[in-house]
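Notes follow once the structure below has been shown.
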Amino acid sequence: MAAPHAVDGVEGGTGETGLTLSDSSTGDVKRPQFGTRFLTDPRQVFQHNAWDNVEWTDEQEAAAKKKVLEHSQPLPPEKQEEYNSRANEYWNEFYTIHENRFFKDRHWLFTEFPELAPQCSLNHESHLDASGTEESQEQSREHATYRILEVGCGVGNTVFPILKTNNDPGLFVYCCDFSSTAVELVKSNPEYDPGRCYAFVHDLSDVEANYPIPDETLDVIVLIFVLSALHPKKMQASISRLARLLKPGGVMLLRDYGRYDMAQLRFKKGRCLSENFYVRGDGTQVYFFTQDELHELFTEAKLEKVQNLVDRRLQVNRGKQLTMYRVWIQCKYRKAPVQPPETKGCDRGENPPGLNVNYS
Ligand SMILES: C[S@@+](CC[C@H](N)C(=O)[O-])C[C@H]1O[C@@H](n2cnc3c(N)ncnc32)[C@H](O)[C@@H]1O
């Protein structure tokens, strides 16, 4: 039976009110600041629902570390094996219970990830045939000029906002999840348009399995709170496999749980699978990343850093006078663009055609 807040924090995103992302390393793209609210006087903490860019004190960090260590005794290997081998069944159960009521559409998506709708023009009608026959869908995919894949799409809380917001007539959105229940929910959504979208069942960690997408054809791959659901040992191969699908100049976008997020600190004894990797009450698994770990995963897959940010936010329950420290990590990593021969050596870092986002 699913715990009521099985994937607590996924909804935590940036929220429409905005946030500040602190950029701990040099050379990253700075995004415009918006809706920032800083807590300068701790006595005022209960005056708002959330505070941005919260600094952690050394004591707070040490206390979080201690708490994690106290609960880090791993479950026996046979239990771990069961959670791993039945991972998609636990997610199927999750979606059978919650259907599409759990995750909310995220309108912050386009502020954080403008790559999802770079040339958005609201008056465009799709010229692609949306009649939904296999033939027309194949044509749509072939003629597409901007292809996005969302991995671990759940019930489509990212996919449907993209289809609604990005009216580029050349857009085609692929989305997959290893939960067949989730994919069925995507396909049965009235907004599912087979002329612009293709949902399929796929296990990201099965690196031998083929994607129904040729290599080097995707402009964008989106991973929102999905990499953390994989066993840490499977993460590198999964990211490297995905990187093959990106065009030169294409980007991988990720938002996921950061180390010592409230959701990690709430895990009690008997839930730890390995360091920073846990199983929730409903059998779904979750890892909590550092920025460096994600950097390593992407660069090992031969992708270049565009952005690697930590978003530390203090959420406040004013009624119960509770404070909740959230930590999320947001990354953009790009496959190196092909250099046109005439600009070799002087034009590195340009966007590929179609990816109209300024990274400079
Ligand atoms: C926390 S949910 C996030 C869902 C969605 N990205 C969103 O933000 O609404 C994690 C999703 O990843 C999917 N998932 C977990 N492991 C996966 C894997 N190995 N391959 C494909 N999907 C996976 C789950 O079924 C679930 O839908």
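The shown structure was predicted, so the numbers you read here are calculated from the model rather than taken from an experiment. In each ligand, atom 1 is the first atom listed, and ligand 1 is the first ligand listed.
Where the criterion is an N or O separation shorter than 3.5 Å, residue side chain and backbone included, Y95 meets it with respect to ligand 1. Considering backbone and side-chain atoms together, V151 places no N or O closer than 3.5 Å to any N or O of ligand 1. Where the criterion is an N or O separation shorter than 3.5 Å, residue side chain and backbone included, D203 meets it with respect to ligand 1. Taking only nitrogen or oxygen atoms, main chain and side chain alike, T158 does not reach within less than 3.5 Å of ligand 1. Close N/O approach between I224 and ligand 1 is found [any backbone or side-chain N/O within under 3.5 Å]. Of the N or O atoms in G152, one or more lie within a sub-3.5 Å distance of an N or O in ligand 1.
Below 30°, between 30° and 60°, or above 60°: for F200 and H202 the angle between ring planes is above 60°, a perpendicular geometry.
Hydrophobic side-chain contacts under 4.5 Å tie V201 into a cluster, directly or through other members, with V183.
Here the two rings, on F172 and H143, have centers that are 6.0 Å apart or farther. Residues Y260 and Y325 place their aromatic rings such that the two centres sit no closer than 6.0 Å. Here Y257 and F289 keep their ring centres 6.0 angstrom or further from each other.
Annotation: salt bridge (Lys or Arg N to Asp or Glu O under 4.0 Å) contacts of E208 (sequence neighbours excluded): none.
With a 4.0 Å cut-off on non-hydrogen atoms, H202 touches ligand 1 through its backbone and not its side chain. Contact annotation: for F94 versus ligand 1, there are no heavy atoms closer than 4.0 Å. At a heavy-atom distance under 4.0 Å, only side-chain atoms of L230, from C-beta outward, approach ligand 1.
Compare F225, Y257, F178 by their heavy atoms: the one nearest to atom 14 (N) of ligand 1 is in F178.
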